[in-house]
Amino acid sequence: MPELPEVETTRRSVAAALEGSRISQVGVARDRMLRRQPNPADFVRRMRNQEVVGVGRHGKFLMANLDNDITWVTHLGMSGRISLVPSDAPLVAHSNVVVTLDSGIDFRFVDPRTFGFVAAYTPDELEESSISQLGRDALTDLPRSRQLHGLLAGRSAPIKALLLDQRILAGLGNIYADETLHRAKIAPHRPGGAVASTEATALRRAIKETLDHALRYGGTSLDDLAYLLPDGRTGDYVDRLRAYGREGERCRRCGGTIIREVIRQRSSFWCPQCQQ
DNA sequence: AACGATCCCTGTTGGC
DNA sequence: TGCCAACAGGGATCGT
């Protein structure tokens, strides 16, 4: 599933092709992809003939600045990926949004389950969107452990749920939340407010190490609807996961058995022997 | 305000 | 072997 490392890997892969290029055509094959656009008819109109100035990211949101002050937002959802190919390449199934650049390259958003979306926001619309509610970016703006501890203070929800709340910290999803908690030796159901300051220090370090490590391997491609890099390669972090998807397997740290438990309607994988 | 549940969607998987 | 229900999950929304 695309989480911060996968989105950042995508950003790095598409930035050079997008920046300085002009958008010549925009095709939307599935209207559902525009459900976050206040007026869906605005999307193509605002994108066409604009030059991409820069490509950024906040949490799992990919954001490109256009020279008309529009912010082009892409969220990969759970099955979305970007394909960067010559414009005459054959269309694969579920190529829901196709952005053609004047350089002869297509930016194609392929998303079978359509949990992802695109939008072209004015500055005011961006301010009104949920993007303005995002917490600090877990990679580029990770809070210090004292601040992280403060974000969790007084909260009764499970730490796992709080790590998934993008308003608290932006970027972690189900895979990396589990990986982070395993590295920090914290059980996922613990109330956020019960996380001690020393644990918050471990948690901060775990977030940084997990994300840095995953980024080095190009993210995680799971076996089903594999996330792929824009050039079609797989992300190889899947072989290095310590908790996620490892139900019944040995904990690589203590030799205990990883279990699967549903927390907040989401699968959580963790080691009861070394995560307290 | 905080918390928890539900919904959206479809390719894949597992059980019968 | 073939069919179909269950499953996966990010974020919005709603009820408590």
Side-chain angles (χ1 to χ4, degrees), chain A residues 1-8 10 28-38 40 57-63 73-83 92-97 109-119 121 125-126 128-135 137-138 150-181 188-195 219-228 234-235 238 241 243-248 260-270:
Chain A
M1 318 303 158
E3 302 180 22
L4 191 154
E6 291 76 34
V7 179
E8 175 63 14
T10 297
V28 179
R30 288 202 61 168
D31 291 343
R32 175 174 151 78
M33 305 305 285
L34 296 178
R35 65 194 182 285
R36 303 295 168 211
Q37 183 79 46
R57 181 194 54 76
H58 190 167
K60 305 170 197 170
F61 290 78
L62 193 63
M63 296 190 286
V73 175
T74 302
H75 194 294
L76 299 177
M78 75 169 284
S79 63
R81 69 179 189 89
I82 302 304
S83 173
V92 301
H94 308 295
S95 298
N96 298 340
V97 180
F109 186 11
V110 181
D111 184 11
R113 293 179 194 170
T114 68
F115 274 37
F117 56 87
V118 293
Y121 289 131
E125 288 170 348
L126 186 62
E128 290 163 14
S129 81
S130 61
I131 294 173
S132 67
Q133 306 293 315
L134 289 173
D137 186 79
L151 288 168
L152 306 175
R155 304 293 296 260
S156 64
I159 178 68
K160 169 76 183 283
L162 298 175
L163 289 179
L164 291 177
D165 187 336
Q166 304 298 300
R167 295 168 300 183
I168 294 175
L169 185 68
L172 297 186
N174 207 35
I175 296 174
Y176 295 113
D178 280 0
E179 292 300 302
T180 290
L181 288 170
H189 53 68
R190 291 260 305 282
V195 172
T220 303
S221 294
L222 291 182
D223 48 6
D224 58 344
L225 287 176
Y227 151 82
L228 298 173
T234 59
V238 61
L241 295 174
Y244 186 86
R246 301 191 67 244
E247 181 181 18
R260 174 181 177 274
E261 181 181 359
V262 175
I263 299 177
R264 290 284 205 98
Q265 317 306 117
R266 293 285 179 266
S267 295
S268 290
F269 298 89
W270 63 290

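Each chain gets a letter, A, B and so on, in the order its sequence line appears, and its residues count up from 1.
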Original post:
What nucleotide among B:dC3, B:dA5, C:dA12 has an atom nearest to a side-chain atom of A:Ser130?
Top reply: C:dA12

Original post:
When we call it a touch if two heavy atoms are under 4.0 Å apart, what does A:Pro158 touch: a base, just sugar-phosphate, or nothing?
Top reply: sugar-phosphate

Original post:
What distance do A:Glu179 atom CD and A:Leu241 atom CG have between them, rounded to the nearest 0.5 Å?
Top reply: 4.5 Å

Original post:
Is there a donor-acceptor pair closer than 3.5 Å between any side-chain N or O of A:Glu8 and the backbone N or O of A:Pro5?
Top reply: no

**OP:** Would you kindly give the CG-to-C1' distance between A:Asp111 and C:dA8, to the nearest whole Å?
**Re:** 14 Å

**OP:** Can you figure out which of C:dG9, B:dC3, B:dC9 approaches the side chain of A:Arg30 most closely?
**Re:** B:dC9

Subject >> Nearest-Å distance for atom pair CZ/C1', residues A:Arg32 and B:dC9 >> reply: 6 Å

Original post:
Taking the side chain of A:Tyr244 as heavy atoms from C-beta outward, which of B:dG4, C:dA8, C:dG11 is closest to it?
Top reply: C:dA8

Subject >> CZ (A:Arg35) with more than 12 external heavy atoms under 6.0 Å >> reply: yes

Subject >> Interatomic distance, A:Leu76 CG vs C:dA8 C1' [rounded to whole Å] >> reply: 17 Å

**OP:** Rounded off to whole Å, could you give me the CZ-to-C1' distance for the A:Arg264 and C:dA8 pair?
**Re:** 19 Å

Original post:
Closest to the A:Thr114 side chain: C:dG10, B:dC9, B:dA2?
Top reply: B:dC9

Original post:
Starting at CD of A:Gln37 and ending at C1' of C:dA12, how long is that distance when rounded to a whole Å?
Top reply: 17 Å

Subject >> Side-chain donor/acceptor contact of A:Arg266 with base of C:dG10 under 3.5 Å >> reply: yes

Original post:
NA contact type, A:Arg35, heavy-atom cut-off 4.0 Å: base, sugar-phosphate, or nothing?
Top reply: nothing

**OP:** Please report, rounded to the nearest Å, how far the C1' atom of B:dT10 is from the CE atom of A:Met33.
**Re:** 13 Å

Subject >> Minimum-distance nucleotide (side-chain atoms of A:His75 versus B:dA5, C:dG11, B:dG11) >> reply: C:dG11

**OP:** Please determine if a side-chain N or O atom of A:Arg260 lies less than 4.0 Å away from the OP1 or OP2 oxygen of C:dA8.
**Re:** yes

Original post:
How close do A:Ser268 and A:Lys160 get, heavy atom to heavy atom, and via which atoms?
Top reply: OG-NZ, 2.6 Å

Original post:
Within the pair A:Ser79 and C:dG9, is there a side-chain N or O less than 4.0 Å away from OP1 or OP2?
Top reply: no

Original post:
Can you check the A:Arg113 CZ to C:dG11 P distance for me, whole Å?
Top reply: 16 Å

Original post:
Nearest 0.5 Å, what's the CG-CZ distance between A:Asp137 and A:Arg57?
Top reply: 4.0 Å

Original post:
Does A:Gln265 have a side-chain nitrogen or oxygen under 4.0 Å from the phosphate oxygens OP1 or OP2 of B:dG4?
Top reply: no

**OP:** Please determine, for the side chain of A:Ser156, which listed nucleotide (C:dA12, C:dG9, B:dA2) has the closest atom?
**Re:** B:dA2

Subject >> Inter-residue atom distance A:Ile159.CD1 - A:Leu164.CG, 0.5 Å rounding >> reply: 10.0 Å

Original post:
Which one, B:dG11, B:dA2, C:dA8, comes nearest to the side chain of A:His94?
Top reply: B:dG11

Original post:
CZ of A:Phe115 versus C1' of B:dC9: gap in Å, rounded?
Top reply: 5 Å

